[in-house]
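This structure is a prediction, so every number in the text was calculated from the model and none was measured.
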Amino acid sequence: MPAVIVVGTQWGDEGKGKATDQLGAGVDLVVKFNGGNNAGHTVVIDGEKYALHLLPAGILTEGVTPIIGNGVVVDLEVLFQEIDELASRGRDTSRLRISSNAHIIPSYNRLMDRTTEKFLGKRQIGTTGRGIGPTYADKMNRIGLRVQDLFDESILRQKVEGALANKNHLLVKVFNKRPVEVDEVVAELLSYADRVRPMVVDASLLVNDALDEGKTVLFEAGQATMLDIDHGTYPFVTSSNATAGGACTGAGVGPTRITSVVGVTKAYTTRVGEGPFPTELFGDEGEELRKRGGEFGVTTGRPRRTGWFDAVVGRYATRVNGLTDLVVTKLDVLTGYEQIPICVAYEVDGERMDEMPMNQSDFHHAKPIYECMPGWSEDITGVRKFAELPVNAQRYIERLEELSRVRVSVIGVGPSRDATIVRHDLAAQGNK
C-alpha cells in the first residue's frame with residue numbers, strides 16, 4: 001500500500017490542506033513532518049471553513065489518525081486552542097497523536113523571534129514571530145525542549161535553565177529586555193503535561209507498523225519547496241526541510257518506504273514575506289490577482305505577493321522532490337483573463353536560463369521570460385471532468401504539465417472539497 005508525501009512546490013499557500021484532506025479519505029494515517037504554527041491550511045467542508053495551523057489536515061477526516069511528527073515544533077498553547085476550536089464545532093480530535101521527540105516552542109523563543117527580527121531592521125527575513133526559527137536553532141544547538149521532557153520536571157527545569165543562561169544575557173545586555181524567569185516557563189509548560197500525555201507516542205514505530213500492516217500513510221509538509229532551509233530562497237526561508245526528503249527525517253521512516261510524491265501548486269504563484277520573486281506583479285495587476293484569489297495569509301492575515309505561474313520553479317520542485325504527480329489548485333481564479341502569461345525561463349545578465357540559477361544573486365536579478373496562453377471566460381467552478389473544461393483551460397493545464405515535467409493528476413476549480421477534477425487516482429499510485 002502507498003506511503004504518499006504531499007509537498008508544496010512554490011512558496012507555500014498552494015492548497016496543500018485541501019489536497020491532503022481529499023487524499024485523507026483513502027488513507028489511514030496523516031503525518032505532519034515539519035514546521036509549526038507559522039503556516040496554515042484552509043479546508044472547506046460542507047460550506048464550513050476550517051483554518052488549521054499546527055494540526056495535520058487529516059484531523060478533519062473521519063477514521064484517519066493524524067500525527068504530529070518529530071520534525072514539527074509544537075506550541076502547546078496553540079495546539080490546545082486549535083483542538084478546543086474544532087471540538088466546539090463538533091469535530092472529533094481524540095485520534096490525534098504526537099511524537100515524543102517533537103520539540104516544544106517555549107514562550108521565550110517567541111520573544112526571541114520577535115526581538116531579533118525587529119533588531120535586523122531593513123534586513124528582516126519576514127518571520128511570523130511565532131518562535132519557530134529559535135526553536136529549530138535550539139534543536140540544532142542541543143538545548144531544545146522535547147515533548148517527552150514534560151513528564152520529568154527535573155530534566156525540564158535543567159533544560160530551561162540551560163537555554164535561558166545564554167538567552168537572558170542577550171535579552172538583557174543586547175536587547176534591553178527583562179530576563180525570563182525559569183520558574184514561570186517551567187510552570188507554564190507543566191500545566192499542559194497531563195492533557196498532552198495521552199496523545200504522546202513513538203510516532204516512528206506507529207507509522208512503520210502501519211506500513212507493515214498494509215495501511216496507507218500520507219505525509220503532509222508544512223510550508224513549501226522554495227521555503228526549504230536547504231533548497232529554498234535562503235535566507236528568506238523557513239527553518240526546516242519542507243521538501244520530500246524531510247518526510248523521512250521528520251517522521252522516522254526510511255526512504256524505501258515512500259511510494260509516491262505529490263506536489264501541489266497554484267495555477268499562478270504567490271509568496272508571503274521577504275525575498276526574490278521573479279514573476280511578481282505590482283500595482284493594479286498584482287492587486288487584481290490578489291483579490292481574485294483571496295490571497296491573504298491563513299495564519300497572519302498578511303496580503304500575499306502575487307505573480308504568474310513560474311515553470312522554472314515548477315521544474316526545480318519536480319527535481320528536488322522527485323514528484324510523481326501534480327495537483328493544480330485555483331484554476332478558477334484565472335477565469336476571465338484574455339491572456340495568461342507563463343514564465344518559461346529567466347534572463348540573467350542578458351543570458352537565458354531554463355533551470356533554477358545556482359547562485360542566489362542570479363535568482364534575485366532574474367527577469368521572467370514569458371509565453372502567453374489564451375484565456376477563457378466560462379465559469380468552471382461546476383466542472384468535474386477534464387474534457388468539460390473550456391479548451392483553453394485544458395491547454396493551459398497541459399502546458400503546465402509539459403513545462404513542469406510531471407503529470408497533472410488533480411485540478412482544483414473552487415474552494416470546496418468537491419470542487420475538483422481528478423485525471424489520475426493519486427491514492428492508487430503506490431499500488432502500481
(message) Please evaluate residues N101 and S99 with respect to the criterion side-chain hydrogen bond (donor to acceptor under 3.5 Å, both in side chains), reporting the C-alpha separation (whole Å), side-chain torsions for both, the decisive distance (0.1 Å), and the verdict.
(response) CA-CA 5 Å; N101 289 336; S99 170; 4.7 Å; no
(message) Strictly below 4.0 Å, N to O, side chains only: are R110 and D75 in salt-bridge contact?
(response) yes
(message) How close do T279 and P368 get, counting heavy atoms only, and between which atoms?
(response) CG2-CB, 4.2 Å
(message) Is it the case that over 12 heavy atoms from other parts of the model lie below 6.0 angstrom from the CZ atom of R142?
(response) no
(request) Give a yes or no on whether the backbone of A244 and the side-chain of N321 come within a donor-acceptor separation of less than 3.5 Å. (result) yes
(message) What I want to find out is whether R405 reaches E355 closely enough, with some N-O distance under 4.0 Å, to be called a salt bridge.
(response) yes
(message) Using only atom types and a distance under 3.5 Å, with no angle test, would you say the side chain of R302 pairs donor to acceptor with the backbone of V272?
(response) no
(message) I need the Y136 OH to S240 OG distance, nearest 0.5 Å.
(response) 4.0 Å
(message) Is any side-chain heavy atom of F236 closer than 4.5 Å to one of L227?
(response) no
(request) Taking all non-hydrogen atoms of both residues into account, name the closest pair between F386 and I421 and its distance. (result) N-CG2, 3.4 Å
(message) Please check: side-chain N/O of D228 versus main-chain N/O of A242, any donor-acceptor pairing under 3.5 Å?
(response) yes
(request) Determine yes or no for a side-chain-to-main-chain donor-acceptor pair under 3.5 angstrom, with N208 supplying the side chain and S204 the backbone. (result) yes
(request) For the pair K330 (side chain) and G293 (backbone), establish whether a donor and an acceptor sit closer than 3.5 Å, ignoring hydrogens and angles. (result) yes
(request) Using the side chain to side chain contact (heavy atoms under 4.5 Å, CB included) rule, take L150 and I104 through it: C-alpha gap first, then chi angles, then the decisive distance, then the call. (result) CA-CA 9 Å; L150 295 173; I104 296 169; 3.7 Å; yes
(message) Check this for me: does any side-chain nitrogen of one of E402 and R399 sit under 4.0 Å from a carboxylate oxygen of the other?
(response) yes
(request) Compute whether any side-chain donor of one residue and acceptor of the other, for S416 and D418, lie under 3.5 angstrom apart. (result) yes
Between side-chain atoms of residues 184-201 and protein atoms elsewhere (two or more places apart, or another chain), which donor-acceptor pairs fall under 3.5 Å?
residue, atom, partner, partner atom, Å
S191, OG, E188, O, 2.5
R195, NH2, D84, OD1, 2.6

(request) Of all the heavy-atom pairs spanning G35 and V72, show the shortest one and how long it is. (result) O-CG1, 3.0 Å
(message) I'd like to know if R423 and E401 make a salt bridge, using a cut-off of under 4.0 Å between side-chain N and carboxylate O.
(response) yes
(message) Would S409 and D325 count as a side-chain hydrogen bond (donor to acceptor under 3.5 Å, both in side chains) here? Give the steps.
(response) CA-CA 6 Å; S409 294; D325 296 86; 2.5 Å; yes
(request) Compare every heavy atom of C372 with every heavy atom of Q339, then report the nearest pair and how far apart it is. (result) OE1-CB, 3.5 Å
(request) Taking the side chain as every heavy atom from C-beta outward, state whether V410 and T420 have any atom pair closer than 4.5 Å. (result) yes
(message) Has D113 got a side-chain atom pairing as donor or acceptor with G131's backbone, closer than 3.5 angstrom?
(response) yes
(message) Whether R304 and E295 form a salt bridge (side-chain N of Lys/Arg under 4.0 Å from carboxylate O of Asp/Glu) is what I want to check.
(response) yes
(message) For a 4.5 angstrom cut-off between non-hydrogen side-chain atoms, does E220 reach K16?
(response) no
(request) Say whether, by atom type as modelled, one donor and one acceptor occur between the side chain of T335 and the main chain of D379 under 3.5 angstrom. (result) no
(message) With heavy-atom distances below 4.5 Å as the criterion, would you say the side chains of I59 and Y50 are in contact?
(response) no
(message) Please find the pair of heavy atoms, one from L54 and one from V78, that lie closest to each other, and give the distance.
(response) CB-CG1, 4.5 Å
(request) Pick out which of F282, W11, W308 makes a ring pair (Phe, Tyr, Trp, His ring centres under 6.0 Å) with F277. (result) W11
(request) Measure the NE2-OH distance between H231 and Y316 for me, rounded to the nearest 0.5 Å. (result) 6.0 Å
(message) side chain to side chain contact (heavy atoms under 4.5 Å, CB included), that's the test. Do K159 and I155 meet it? Break it down for me.
(response) CA-CA 6 Å; K159 289 190 172 185; I155 288 179; 3.9 Å; yes
(request) State, with a plain yes or no, whether a side-chain heavy atom of Y268 is found less than 4.5 Å away from one of V333. (result) yes
(message) Can you confirm if the aromatic rings of W376 and Y337 lie within a centre distance of less than 6.0 Å?
(response) no
(request) First locate atom CG of D152, then atom CD of Q158, and finally report the distance between them rounded to the nearest 0.5 Å. (result) 8.0 Å
(message) If you compare all heavy atoms of V312 against all heavy atoms of M356, which two are closest, and at what distance to 0.1 Å?
(response) CG1-N, 3.6 Å
(request) Evaluate the side-chain hydrogen bond (donor to acceptor under 3.5 Å, both in side chains) criterion for residues K266 and T270: first the C-alpha distance (whole Å), next the side-chain angles of each, then the deciding distance (0.1 Å), finally the verdict. (result) CA-CA 8 Å; K266 279 178 182 164; T270 65; 3.0 Å; yes
(message) Are S260 and I5 packed together at the side-chain level, in the sense that at least one heavy-atom pair is separated by less than 4.5 angstrom?
(response) no
(message) Side chains of V383 and D332, heavy atoms from C-beta outward: is any pair under 4.5 Å?
(response) no
(request) Check step by step if side chain to side chain contact (heavy atoms under 4.5 Å, CB included) holds for F219 and V6. (result) CA-CA 6 Å; F219 299 88; V6 177; over 6 Å; no
(message) I want to check something: taking the side chain as every heavy atom from C-beta on, are P278 and Y346 in contact at a cut-off of under 4.5 Å?
(response) yes
(message) If I take atom CG from residue D13 and atom OG1 from residue T269, how far apart are they, to the nearest 0.5 angstrom?
(response) 12.0 Å
(message) Once rounded to the nearest 0.5 Å, what's the spacing between atom CE of M373 and atom CG of L400?
(response) 8.0 Å
(request) Without swapping roles, check the side chain of R271 against the backbone of T306 for a donor-acceptor pair under 3.5 Å. (result) no
(message) Once rounded to the nearest 0.5 Å, what's the spacing between atom CD of Q223 and atom CD1 of I132?
(response) 7.5 Å
(message) Walk me through whether V4 and T324 qualify under side chain to side chain contact (heavy atoms under 4.5 Å, CB included).
(response) CA-CA 10 Å; V4 182; T324 58; over 6 Å; no
(message) If we ignore hydrogens and angles and just use 3.5 Å, is the side chain of R95 paired with the main-chain N or O of P66 as donor and acceptor?
(response) no
(message) Go through it in stages, so that I can follow the logic: the residues are E287 and R290, the test is salt bridge (charged side-chain N to carboxylate O under 4.0 Å, His left out), and I'd like the CA-CA distance, side-chain angles, deciding distance and then a yes or no.
(response) CA-CA 5 Å; E287 185 62 26; R290 183 178 300 111; 2.4 Å; yes
(message) Under a 3.5 Å distance rule, please check whether R315 uses its side chain to pair with a backbone N or O of L403 as donor and acceptor.
(response) yes
(message) Less than 4.0 angstrom from a charged side-chain N to a carboxylate O is my criterion; do E85 and R89 meet it?
(response) yes
